[in-house]
Amino acid sequence: MGHLDHAAFGWLTPALSYVMACIGAALGLRCTVRALGASGRSRRNWLLTAASAIGTGIWTMHFVAMLGFSVSGTDIRYDVPLTILSLLVAMVVVGAGVFAVGYGRDRGRALVLGGLTTGLGVASMHYLGMAALRLHGDVTYDPVLVGISVLIAVVAATAALWAALNIKSPIAVAVASLVMGGAVSSMHYTGMIAVGVRVLPSGDLLPGATAMQFIFPLAVGLGSYLFLTSAFVALSPTAGEREASASAQRPVESAAR
């Protein structure tokens with residue numbers, strides 16, 4: 001068995017991955033809260049932004065953490081199409097869960113369906129990302145730990161969507177985002193602890209791209225997207241602010257007549 005190191009750069013990658021998970025969660029929750037206060041095309045657009053934010057945040061968290069993953073006795077490469085597919089799966093499946101909550105009439109049923117869908121989407125992204133791993137050896141998984149990691153993903157997703165439905169205060173959303181970021185990180189590292197690698201030394205060139213060639217630039221790009229979208233959401237007026245502005249303009253328009 002090869003020695004697995006999940007933090008080859010020390011606390012840098014776990015800490016940075018946690019930050020990315022929190023940012024994605026915070027942005028997704030704020031967008032979901034905005035969506036629930038909107039209607040029509042505006043609601044749809046806010047939900048699409050929420051899905052892309054949560055999906056991007058989770059994917060970035062996973063692969064930033066993977067920058068610190070190494071196995072003694074073998075190099076590591078990543079299959080590019082599978083890695084991109086894992087990102088798309090995260091966005092699509094998380095989007096299905098968010099839309100279930102955004103448009104569900106029975107909130108209890110929508111929460112269960114949305115939490116289950118979103119959680120399974122998080123887990124699917126993780127294990128698709130792991131399937132993209134290319135190394136000289138065989139990768140095995142502890143099924144019990146895999147099951148626990150999926151359960152953590154579903155519980156975390158359900159709790160996050162419950163927060164979106166019931167918490168409106170920005171401070172409360174921030175606290176919920178920290179909790180969700182911790183849960184997503186716990187799911188990732190539980191899934192990684194489940195991994196075992198039997199190294200088979202070989203001089204053959206591994207297919208795929210190295211983490212620094214592909215994962216790092218993509219993670220930086222998606223991280224920039226999260227920061228820019230966060231700024232947009234922060235500067236965008238809420239439904240209450242728009243209503244207050246409209247109310248303030250009515251007396252002025254009446255006086256002008």
Side-chain angles (χ1 to χ4, degrees), residues 1-21 23-24 52 54-94 120-143 145-150 152-153 184-226:
M1 297 288 284
H3 173 71
L4 278 61
D5 190 347
H6 299 291
F9 300 106
W11 283 101
L12 177 61
T13 49
L16 186 56
S17 65
Y18 172 69
V19 169
M20 299 311 298
I23 292 173
S52 66
I54 296 173
T56 299
I58 291 168
W59 187 94
T60 306
M61 175 269 147
H62 171 83
F63 281 101
V64 167
M66 291 303 291
L67 290 174
F69 177 68
S70 66
V71 181
S72 61
T74 178
D75 292 330
I76 293 177
R77 299 287 188 275
Y78 293 89
D79 181 283
V80 173
L82 261 182
T83 301
I84 293 176
L85 178 62
S86 70
L87 172 60
L88 297 178
V89 165
M91 289 186 176
V92 171
V93 183
V94 168
L120 291 177
V122 172
S124 298
M125 180 283 304
H126 175 88
Y127 289 105
L128 259 179
M130 291 303 295
L133 213 61
R134 297 292 178 264
L135 47 75
H136 292 304
D138 297 325
V139 179
T140 59
Y141 292 92
D142 182 322
L145 287 174
V146 169
I148 292 173
S149 71
V150 174
I152 291 173
V184 171
S185 296
S186 298
M187 177 268 161
H188 171 84
Y189 284 105
T190 300
M192 294 308 296
I193 293 172
V195 174
V197 177
R198 184 166 66 92
V199 175
L200 303 173
S202 172
D204 295 341
L205 185 65
L206 287 167
T210 66
M212 289 302 174
Q213 287 173 337
F214 174 61
I215 301 299
F216 181 71
L218 188 56
V220 170
L222 292 174
S224 300
Y225 162 76
L226 286 176

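Fair warning: this is a prediction, and the values are worked out from it, not measured in the lab.
The two residues Val199 and Ser72 come nearest to each other via the heavy atoms CG2-O, 3.5 Å. For the pair Ser70 and Ile76, the tightest heavy-atom approach, listed with the atom from each and the gap, is CA-CD1, 3.9 Å. Shortest non-hydrogen contact noted between Ser185 and Met61 is CA-CE, 3.7 Å. Residues Val71 and Leu135 share a closest heavy-atom pair of CG2-CD2, 4.3 Å. The two residues Ala131 and Leu82 make their nearest non-hydrogen contact at O-CD1, 3.7 Å. Between Leu206 and Arg134, the shortest heavy-atom distance links the atoms CD1-O, 3.9 Å.
Taking CD1 from Ile152 and CE from Met187, the interatomic distance works out to 8.0 Å, rounded to the nearest 0.5 Å. Distance check, rounded to the nearest 0.5 Å: CZ of Phe63 to OG1 of Thr83 gives 4.5 Å. For the atom pair Asp204 CG and His136 NE2, the distance stands at 6.5 Å (nearest 0.5 Å). The CZ atom of Arg77 sits 6.5 Å away from atom CG of Leu205, with the distance rounded to the nearest 0.5 Å. The CZ atom of Phe9 sits 12.0 Å away from atom CG of Leu16, with the distance rounded to the nearest 0.5 Å. For the atom pair CG (Leu87) and CG (Leu128), the distance works out to 11.0 Å, reported to the nearest 0.5 Å.
A 4.5 Å side-chain heavy-atom check between Met125 and Met91 finds every atom pair outside the cut-off. Between Leu133 and Met66, some side-chain heavy-atom pair lies under the 4.5 Å cut-off. Looking at Tyr141 and Ser149, their side chains never come closer than 4.5 Å, going by heavy atoms from C-beta outward.
Counting only distance, with no hydrogens or angles, the side chain of His188 and the backbone of Ile58 share no donor-acceptor pair below 3.5 Å.
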